[in-house]
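Let me begin by presenting the structure, written as C-alpha cells, before commenting on it.
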Amino acid sequence: MNNREVAAVFDLIADLLEIKGEQVYKVLAYRRAAQEIGNLGRSLQTLWEADELRTIPGVGEAIASKIDELLRTGKLEFAEKLAAEVPPGLVEVLKVEGVGPRKAARFWKDLGITTLADLEQAARAGKLRGMPGMGARSEERILKGIESLRRRQVGRVSIGRARPVALSLLAEIERMPSVHRVELAGSLRRWRETVGDIDLLVAAEDAAQVIRLFAGLPQVDRVLGQGDTKVSVELQDGLRAQVWVHPPERFGSALQYATGSQAHNVRLRELAQQRGLSLSEHGFKKPGGGEILCDSEEEVYRRLGLPWVPPELREDRGEIQAAQRGQLPELVGLDDLAGELHAHSTWSDGQNSIEEMARAAMSLGLRYLVISDHSQSLGVANGLSIERLRRQAKEIETVQRRIGAGLRLLRGTEVEIRADGALDYPDDVLRQLDVVTASMHTSLRQAPEKVTARLLGAIRNPNVDVIGHPTGRMVEGREPAEVDIEAILREARQTGVALEINAHPARLDLDEANARRAAEMGCLLAINVDAHSPSDFELREYGVGVARRGWVPPGLVVNTWPVDRLEAWLQRWKQPGIRD
DNA sequence: GCCGTTTTCGGCCCGACTGTTTTCAGTCG
C-alpha cells in the first residue's frame with residue numbers, strides 16, 4: 001500500500017466514526033494522521049521498515065499499529081468492523097453540502113438511508129421534512145447539493161485553472177466603491193496545487209454594498225450563502241468563490257484568518273490562549289473585554305511573539321515551531337530565477353522560433369535560456385534526429401549573435417529516457433551539449449524497480465545535468481510513476497544532478513512533498529517551466545509556489561545561479577580526477 | 001486518538017450562516 005491508500009483508509013475511518021457519533025477529537029486524530037501521511041514526501045514503507053512511524057506528527061501508538069497492520073496484510077480489521085457497523089455509502093451522503101455527521105446518522109437510523117440515491121429519493125418524496133429541525137427548504141437545499149455534487153465530481157480544481165479566474169474577480173472588486181484593498185486568500189494564496197474554492201478578502205467601509213455588487217456580477221451563477229460580512233457563490237464555470245469584507249482596521253487579522261490553513265489557524269489560536277487572548281478574524285479579544293485590532297498580518301504574528309510567516313508555509317508542518325525559534329527558512333522567490341533550463345521551439349513541439357523564445361525570456365529579465373527540444377524517439381513531439389540537432393546548434397549560434405549579450409543561449413536537449421533505460425542520444429552527442437535534461441514520457445506504468453532503475457541510470461550518466469518532471473505525474477488525471485523517490489533523491493544528491501520542479505500548472509512535478517524532502521536532503525533543484533510558447537514563461541510562478549511550499553531555499557535551485565556558477569556546475573564531471 | 005517550557009490526564013479554536021426555531025443545533029471554513 002502506498003501513502004495515499006493508507007491515508008484514504010484513515011479518512012474513511014474518520015468519516016465512519018463521525019457518523020457513528022464517536023467523540024470529535026478521536027475523529028480529528030484520524031483526519032490529522034491521514035493528512036500528515038498524505039503529505040509525507042517519503043514512502044511510508046521506508047519509515048515502517050525503519051520502525052519510525054511514530055516520528056510522523058499525529059501518529060501515536062494506536063495509529064502506528066494500524067499502519068503496521070495495513071502494510072503487513074493490506075487490510076485493517078478495525079476498518080472492516082466499522083464498515084460493517086456503519087454503511088460506507090453514507091460517506092457520499094456526507095459530501096452533500098449542508099449534511100454533516102449528525103444529519104447523515106439521523107437519515108440512516110430514522111429512514112434507512114444508506115446511499116446518495118436513497119437520500120435523493122427521500123428528499124423528492126418529502127420524507128425528510130418531518131425530521132427535527134428540517135423543513136421543505138432543507139429538502140430543496142439537499143437536492144441542490146446532490147445535483148451540485150454530481151456536477152462537480154471532484155471537489156478541487158487545479159490552481160492553474162482557478163488562479164486566472166480569481167485574479168479577474170479580484171480586478172472586478174478593486175473597482176467597486178469604498179474598497180481599499182483586495183487580496184487572494186485561502187489555498188490560492190498559499191499556492192496549493194489544487195483549490196476547493198476561490199477566497200477573496202476585501203477591506204472596505206461599505207460591506208453590504210460590496211457583497212451586493214459581487215453577488216450581482218455576470219460571472220456569478222447562483223448565490224450559495226450571503227450574510228453581513230461574507231458571500232459565497234457558484235460561478236458560471238462551476239468554480240466557487242467566497243468573499244469576506246472587513247473594515248480596513250481589521251484587515252490583518254481577517255486576511256490571516258481567511259488565508260488559513262485551518263490547522264495553522266488552530267495553532268495560532270492556541271498560542272493566543274496561552275497569552276490569555278482570544279484570536280478570531282476580527283482581532284484579539286482581551287479577557288476583561290476590549291480588543292486589539294490588527295490592520296496587518298505582521299501585527300497578528302507579532303502579538304503572538306512570531307515573525308510573519310509566509311502563506312506558503314502555513315500548514316502546521318513545523319512552521320510555527322520554526323518561527324518560534326527564529327528559524328523560518330529563506331524561501332526561493334520568482335525574482336531569484338536567473339534563467340530557464342527547459343524550453344522548446346518549433347524544432348520539436350514548441351509553438352515559436354528560437355529567436356521568439358529568446359526575446360520573450362529577455363523581456364522578462366532572464367540572463368540565460370536553454371533550448372531543450374525533444375530527442376529523436378519522441379516522434380509525436382517531432383523529436384530531433386542527431387542531424388537536426390547539429391543544424392539547430394547553428395541556428396542557436398545565429399540567434400545568439402542577433403540578440404546580443406543580454407541573454408545567454410545554451411544548447412540543450414530534453415533527451416528521452418527510453419523504456420529500456422537507454423538515453424535517446426549516444427554519449428558523444430550528449431557531451432557536446434551545454435545542458436542535458438533527461439525525462440520520461442513513455443512507459444510510465446512500468447514496475448517500480450524498472451522505472452526507478454531507468455531514472456537511476458540517467459542520473460548516473462555524467463552527461464545528464466537535470467532530470468525533467470521526475471515522476472511524470474499530472475495534477476489532474478495522471479498518477480506519478482511508481483518511482484522509489486528516496487533512492488532517486490539519494491543518487492541525485494550524490495552525483496549533483498538537479499531534479500526539476502516542473503512549473504507548468506498541469507504538472508507541478510516534483511510536487512511539494514517531494515520538493516521538501518529533496519531540500520531536506522540537500523539535493524539540487526531546477527525550477528523550469530517547460531516552455532512551449534513565450535506566454536508559458538509567465539507560469540514560472542507556479543513552480544516557485546511548489547518550491548516555497550517545499551521550504552526550498554534559493555541556494556539549492558541551480559537556475560537562481562549566475563551563469564558562471566551554472567557553467568562551473570555543468571562542468572563538474574569534466575574536471576580531471578572526478579569519477580574516473 | 002494524540003500530546004506535554006502549565007499536564008502522562010485532561011485538555012484539544014472561533015465565529016458566521018442557515019433553517020428552523022423563539023434560543024438553538026448543525027454545518028462550514
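Note that the structure is a prediction, hence the values are computed from the model and not measured. Side chains are part of it too, since the values below use all heavy atoms of this structure and drop only hydrogens, waters and symmetry mates.
Among the nucleotides B/dC13, B/dC2, B/dA16, the one closest to any side-chain atom of A/Ala62 is B/dC2. Taking every side-chain heavy atom of A/Ile63 into account, B/dC2 is the closest of B/dC2, B/dA16, B/dC12. Checking B/dG15, B/dT27, B/dG19 against every side-chain atom of A/Pro101, the shortest atom distance belongs to B/dT27. Closest contact between the side chain of A/Gln23 and the listed nucleotides B/dC12, B/dG29, B/dG15 involves B/dC12.
Nucleotides B/dT8 and B/dG4 place their P atoms 13 Å apart, quoted to the nearest Å. When the P atom is compared between B/dT7 and B/dC12, the two are found 16 Å apart, to the nearest whole Å. Rounded to whole Å, the separation between the P atoms of B/dT20 and B/dC28 comes to 16 Å. Across the C1' atoms, B/dT5 and B/dG1 are found 24 Å apart, a figure rounded to whole Å. Taking the C1' atom of each, B/dG29 and B/dC13 are spaced 12 Å apart, rounded to whole Å. B/dT23 and B/dT18 are spaced 15 Å apart, taking the C1' atom of each and rounding to whole Å.
A salt bridge links A/Arg222 with A/Glu234: the distance from a Lys NZ or Arg NE/NH1/NH2 to an Asp or Glu carboxylate oxygen falls below 4.0 Å.
A/Val27 comes within 4.0 angstrom of nothing in the nucleic acid, heavy atoms only. Within the nucleic acid shown, A/Arg141 comes within 4.0 Å of sugar-phosphate atoms alone, with no base atom in reach, counting heavy atoms only. Within 4.0 Å (heavy atoms only), A/Val231 reaches no atom of the nucleic acid at all. Residue contacts shown for A/Leu28 are absent, as no nucleic acid heavy atom lies under 4.0 Å away. Within the 4.0 angstrom heavy-atom criterion, only backbone atoms of the sugar-phosphate kind lie near A/Asp228; the bases stay farther away. Looking at heavy-atom distances under 4.0 Å, A/Ala104 makes no contact with the nucleic acid at all.
The distance between atom CG of A/Leu17 and atom P of B/dG1, rounded to the nearest whole Å, is 8 Å. Here B/dG15 presents its P atom at 14 Å from CD of A/Gln256, a figure rounded to the nearest Å. Here the P atom of nucleotide B/dC13 and the CD atom of A/Gln262 are 10 Å apart, to the nearest Å. A/Glu140 places its CD atom 15 Å from the P atom of B/dT18, with the value rounded to the nearest Å. Between A/Arg106 atom CZ and B/dT27 atom C1' the separation is 16 Å, expressed in whole Å. Look at NZ on A/Lys26: it is 18 Å from P on B/dG10, rounded to the nearest Å. The interatomic distance linking A/Arg129 (CZ) with B/dT18 (P) rounds to 21 Å, in whole Å. The CG atom of A/Leu271 sits 14 Å away from the C1' atom of B/dT6 (whole-angstrom rounding).
OP1 or OP2 of B/dG26 sits under 4.0 Å from a side-chain N or O of A/Arg102. The shortest distance between the side-chain N/O atoms of A/Tyr25 and the OP1/OP2 oxygens of B/dC13 is below 4.0 Å. For B/dG29, the OP1/OP2 oxygens have no side-chain nitrogen or oxygen of A/Lys230 closer than 4.0 Å. Distances shorter than 4.0 Å separate some side-chain N or O of A/Thr229 from OP1 or OP2 on B/dC17. A close approach under 4.0 Å does not occur between any side-chain nitrogen or oxygen of A/Lys103 and OP1 or OP2 of B/dA25. Under 4.0 angstrom from either OP1 or OP2 of B/dA16 there lies at least one side-chain N or O belonging to A/His282. For A/Ser138 and B/dT20, the shortest distance from a side-chain N or O to OP1 or OP2 is below 4.0 Å.
Ring to ring, A/His469 and A/His504 are not that close: their centroids are 6.0 angstrom or more apart.
Looking only at side-chain heavy atoms (C-beta outward), A/Phe214 and A/Leu169 come within less than 4.5 Å of each other. In this structure, the side chains of A/Arg181 and A/Val179 stay at 4.5 Å or more apart for every pair of heavy atoms.
Place A/Met134 and A/Ser280 on DNA chain B by their nearest nucleotides, and A/Ser280 ends up nearer the 5' end. Mapping A/Tyr30 and A/Arg269 onto DNA chain B by nearest heavy atom places A/Tyr30 closer to the 5' end of the strand.
In this structure, B/dA16 and B/dT27 make a Watson-Crick or G-U wobble pair, each of the two defining distances being under 3.5 angstrom.
No donor-acceptor pair under 3.5 Å is formed between the side chain of A/Ser148 and the backbone N or O of A/Lys144.
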Step-by-step side chain to side chain donor-acceptor pair (under 3.5 Å) determination, A/Glu319 to A/His264
CA-CA 9 Å; A/Glu319 74 281 3; A/His264 178 86; 2.7 Å; yes

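The minimum heavy-atom distance between A/Asp237 and A/Arg161, with the atom names listed, is O-NH1, 4.2 Å. Here the closest heavy-atom approach between residue A/Leu217 and residue A/Met176 is recorded as CD2-CE, 4.4 Å.
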